Peer 1: 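Submitted below is the structure of interest, expressed as structure tokens.
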Amino acid sequence: MRIGELAARTGVSVRSLRYYEEQELLTSVRSGGGHRHYTENDIDRVHYIQGLYAANLSSRTIAALMPCAESPSTHNSDAALERMALERDRITAQIDDFLRARDTLDRMMDMARAHRETLAHAGAGAGAGAGADAAPVEEGAGFRCG
């Protein structure tokens, strides 16, 4: 099948399929006219590649996992599982980093809300006859990040 049919049957763009070839994740046989031709097995291969990309793996990592799909063996399977475990640990560390960042941002937002509430109360008191002696509260006064 030609590249357009593979794209249609897998739901992957022609551009992505060309990229997979550039990264040596997918191969084709060229016709005399230079057209790419693929086999039925390439449909499963593209779905496998898509699954690995969906798992946030790089093309280099995917290439390292391909021997398991190309030449199934205990050795290749063990190597692929070890590599996937390392990638899972990397993703878990990123999740932990994002959770810490989110928690920090939540604390900063709480501080900003508390400061805003302080400003709102100070402004209400000044407007309600606090007198000419009351100093205006500057926006952001007293608010410290960190």
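Here, residue 1 is the first one in the sequence, and each next residue gets the next number. Please read all numbers here as calculations on a predicted model, not as lab measurements. Hydrogens, waters and symmetry mates are skipped; everything else that's a heavy atom, side chains included, is used.
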Peer 1: Going by the rule side-chain contact (heavy atoms from CB on, under 4.5 Å), which residues pair with Ser77 if we only count those two or more places apart in sequence or in a different chain?
Peer 2: Cys68, Leu81

Peer 1: Restricting to non-hydrogen atoms, name the atom on His37 and the atom on Arg2 that form the minimum distance, rounded to 0.1 Å.
Peer 2: CE1-CG, 3.5 Å

Peer 1: Going by the rule side-chain contact (heavy atoms from CB on, under 4.5 Å), which residues pair with Arg116 if we only count those two or more places apart in sequence or in a different chain?
Peer 2: none

Peer 1: Quick one: are His47 and Gln50 in side-chain contact, heavy atoms under 4.5 Å?
Peer 2: no

Peer 1: About how many Å separate CZ of Arg90 and CD1 of Ile95, when rounded to the nearest 0.5 Å?
Peer 2: 10.0 Å

Peer 1: Regarding Arg100 and Asp103, does a basic nitrogen lie under 4.0 Å from an acidic carboxylate oxygen?
Peer 2: no

Peer 1: What are the two closest non-hydrogen atoms of Tyr48 and Leu65, and how far apart are they?
Peer 2: OH-O, 4.0 Å

Peer 1: For the residue pair Pro67 and Ala64, what are the closest heavy atoms and their distance?
Peer 2: CD-O, 3.3 Å

Peer 1: Please determine whether salt bridge (Lys or Arg N to Asp or Glu O under 4.0 Å) holds for the pair Glu87 and Arg83, giving the CA-CA distance in whole Å, both sets of side-chain angles, and the decisive distance to 0.1 Å.
Peer 2: CA-CA 6 Å; Glu87 290 300 317; Arg83 182 65 183 259; 3.8 Å; yes

Peer 1: Leu17 pairs by side chain to side chain contact (heavy atoms under 4.5 Å, CB included) with which of Asp42, Val12, Leu25?
Peer 2: Val12

Peer 1: How close do Leu6 and Val46 get, counting heavy atoms only, and between which atoms?
Peer 2: CD2-CG2, 4.2 Å

Peer 1: With Glu21 as reference, evaluate Arg45, Arg36, Arg15 under the salt bridge (Lys or Arg N to Asp or Glu O under 4.0 Å) test and give the passing residue.
Peer 2: Arg36

Peer 1: Treat each ILVMFWY residue as a node, draw an edge where side-chain heavy atoms are under 4.5 Å apart, and state whether Ile91 and Ile49 are in one component.
Peer 2: no

Peer 1: Any chance you could measure Ile3, atom CD1, to Ser13, atom OG, to the nearest 0.5 Å?
Peer 2: 8.5 Å

Peer 1: Could you check if a side-chain atom of Arg60 sits within less than 4.5 angstrom of a side-chain atom of Gln23, using non-hydrogen atoms only?
Peer 2: no

Peer 1: Taking only Lys NZ, Arg NE, NH1 and NH2, and the carboxylate oxygens of Asp or Glu, determine whether Arg18 and Glu22 approach each other closer than 4.0 Å.
Peer 2: no

Peer 1: Could you walk me through whether Glu5 and Ile43 satisfy the side chain to side chain contact (heavy atoms under 4.5 Å, CB included) test, starting with their C-alpha distance in whole Å, then the side-chain angles of each, then the deciding distance to 0.1 Å, before giving a yes or no?
Peer 2: CA-CA 10 Å; Glu5 184 180 347; Ile43 293 170; over 6 Å; no

Peer 1: Between Leu86 and Ile62, is there shared hydrophobic-cluster membership here, with clusters defined by ILVMFWY side-chain heavy atoms closer than 4.5 Å?
Peer 2: no

Peer 1: Parallel, tilted or perpendicular for Tyr20 and Tyr53, by the 30°/60° rule?
Peer 2: parallel

Peer 1: A quick test of your reading: do over 12 heavy atoms of other residues, nucleotides or ligands sit less than 6.0 Å from CD of Glu82?
Peer 2: no

Peer 1: Can you see which heavy atom on Asn56 is nearest to which on Gln94, and at what distance?
Peer 2: ND2-OE1, 3.9 Å

